[in-house]
Amino acid sequence: MTPEIDDAFAAIRAECGKDSIDRVEQMLAAGRGERHPLQKTAKWVMPGISPTPWHDPYAYTELAPFVSELEANHRAIRKEIGSAWTARREAFSDYEHYLTRQRNWQALHLFREGGLVEESAGIAPTAYRVLKESAVDTGILCPLLECHFSTLLPGAVIAPHCDLWNFSINLHLAVDIPDGCSITVAGETRSWEEGKCLLFDYSFEHEARNEGTAPRTCLLIDLWHPETTVPERRALEALVTEVRRLVRGG
């Protein structure tokens, strides 16, 4: 903890109640603490969030309108990203996961480093609009992370790993799914159904692969876990922002 984090937490408690961010403080006090074996390499696991790897995208009132909008606009989203892949390939880049960089994993970002990527509005306008109106403006997008089109080339494998924490959750819109593609979360393997969404807790070990002969494209969106509260989200944003500032030497 730093004075900046202490001050931010104190302000949230004063406004929202002394118990409003207890779970965040418990997470920090516990260190690695008790966790599911398949969350073993996640940096932070906040207590009280259901240890459930796979979630129903329509199970949460907060998320369901966004899921519905994405699925309703799938056809336009697929057409636009397909055109971009053909004519605007320079807009895509090797995906730089915090663990590694992969040339056979290409990305086009819509949201990154705390803000919308305005250049992408003209490349994927439908996805950009839906993301802004139904996730950014409504506050369900986790601004600590990102949203991007994720294209796995044939033969690409994303090795098993846990992401950083459990207080955000990953939504996939299946945009263009050839045969031979699958994702495994906490030992359960599923495939994407084109035009539909998958939702999972990526603090659990997960991996993905494209064993087909054509690129696989999904739209990946990092959302606040629906079991977190608004005061907790404010505290977590202050915490992670300060940690990143210190790591960068700011």
Side-chain angles (χ1 to χ4, degrees), residues 23 27 33-72 74 77 95 97-99 105 130-131 134-135 138 140-142 144-152 156-212 216-229 232-233 236:
R23 294 195 302 176
M27 175 187 77
E34 288 293 325
R35 58 178 64 189
H36 190 284
L38 290 175
Q39 290 173 306
K40 59 186 177 181
T41 61
K43 181 175 178 61
W44 285 317
V45 173
M46 197 165 84
I49 292 179
S50 303
T52 305
W54 288 102
H55 293 253
D56 177 356
Y58 281 100
Y60 301 100
T61 302
E62 182 182 32
L63 305 186
F66 178 48
V67 173
S68 180
E69 277 295 297
L70 285 173
E71 293 184 350
H74 164 256
I77 291 170
Y95 185 67
H97 192 272
Y98 73 96
L99 294 174
W105 181 0
V130 172
L131 179 73
S134 298
T138 60
I140 64 172
L141 185 83
C142 180
L144 300 168
L145 296 169
E146 60 187 36
C147 169
H148 67 277
F149 284 98
S150 168
T151 297
L152 290 186
V157 173
I158 301 173
H161 64 284
C162 298
D163 278 303
L164 291 170
W165 53 61
N166 71 332
F167 46 78
S168 63
I169 195 165
N170 201 219
L171 182 72
H172 287 199
L173 171 67
V175 177
D176 189 356
I177 313 297
D179 292 338
C181 297
S182 62
I183 179 170
T184 300
V185 181
E188 181 181 342
T189 299
R190 298 187 182 185
S191 188
W192 296 269
E193 181 182 350
E194 197 161 296
K196 301 296 183 182
C197 288
L198 290 177
L199 182 67
F200 66 96
D201 181 340
Y202 48 6
S203 67
F204 286 87
E205 186 175 85
H206 57 284
E207 59 186 290
R209 64 205 63 79
N210 180 355
E211 298 173 330
R216 181 238 65 180
T217 299
C218 293
L219 180 61
L220 275 53
I221 311 104
D222 293 303
L223 305 171
W224 286 113
H225 196 294
E227 294 178 12
T228 59
T229 67
E232 288 170 342
R233 295 172 188 182
L236 291 163

With Ser150, which of Thr217, Leu220, Leu219, Val175 fulfils side-chain contact (heavy atoms from CB on, under 4.5 Å)?
->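 Only one option passes, and that is Leu220.
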Exactly one of Leu152, Ile158, Val157, Ile177 clears side-chain contact (heavy atoms from CB on, under 4.5 Å) with Asn210, and that residue is Leu152
For [X] versus [Y], what's the shortest heavy-atom pair and its separation?
X	Y	result
Glu207	Pro160	OE2-CG, 3.5 Å
Glu69	Val130	CB-CG1, 3.8 Å
Pro51	Pro53	O-CD, 3.8 Å
Tyr58	Ser68	OH-CA, 3.4 Å
Ala174	Glu193	CB-O, 3.3 Å
Ala186	Leu38	CA-CD1, 3.6 Å

In Å and rounded to the nearest 0.5 Å, what is the [atom1] to [atom2] distance from [X] to [Y]?
X	Y	atom1	atom2	result
Lys43	Leu164	NZ	CG	8.0 Å
Lys196	Leu70	NZ	CG	12.0 Å
His225	Cys142	NE2	SG	12.0 Å
Glu62	Glu227	CD	CD	11.0 Å
Ile221	Leu173	CD1	CG	6.5 Å
Asn166	Tyr202	CG	OH	10.0 Å

Sub-4.5 Å side-chain heavy-atom contact between [X] and [Y]:
X	Y	result
Asn170	His206	no
Cys162	Glu205	yes
Ser168	Leu144	no
Ile49	Arg23	yes
Asp163	Ser203	no

Applying side chain to side chain donor-acceptor pair (under 3.5 Å), run through Tyr95 and Thr151 and close with a yes or a no.
-> CA-CA 9 Å; Tyr95 185 67; Thr151 297; over 6 Å; no
Determine the interplanar angle of the Phe167 and Trp165 rings, folded into 0 to 90°, and report it as parallel if under 30°, tilted if 30 to 60°, perpendicular if over 60°.
->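 Correct class here is parallel.
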Whether His55 and Tyr60 hold their rings parallel, tilted or perpendicular, with breakpoints at 30° and 60° |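 Rings of His55 and Tyr60: tilted, as their planes differ by 30° to 60°.
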Taking only residues two or more places apart in sequence or in another chain, which ones pass ring-ring contact (aromatic ring centres under 6.0 Å, His included) with Phe204?
-> His36
Under the side chain to side chain contact (heavy atoms under 4.5 Å, CB included) criterion, do Thr138 and Phe66 qualify, and how do the steps go?
-> CA-CA 9 Å; Thr138 60; Phe66 178 48; over 6 Å; no
Side-chain (Arg190) to main-chain (Trp54) donor-acceptor, under 3.5 angstrom |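 Such a contact is absent between Arg190 side chain and Trp54 backbone.
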Polar contact flag, side-chain donor to acceptor under 3.5 angstrom, Ser191-Ser182 = no
Apply side-chain hydrogen bond (donor to acceptor under 3.5 Å, both in side chains) to Thr189 and list each qualifying residue two or more places apart in sequence or on a separate chain.
-> Thr184
Please report the C-alpha distance between Trp224 and Glu232 in whole Å, then the side-chain angles of each, then the deciding distance to 0.1 Å, and finally whether the side chain to side chain contact (heavy atoms under 4.5 Å, CB included) criterion is met.
-> CA-CA 10 Å; Trp224 286 113; Glu232 288 170 342; over 6 Å; no
Which residue pairs satisfy the salt bridge (Lys or Arg N to Asp or Glu O under 4.0 Å) criterion with at least one member in residues 168-186, sequence neighbours excluded?
-> Arg78-Asp176
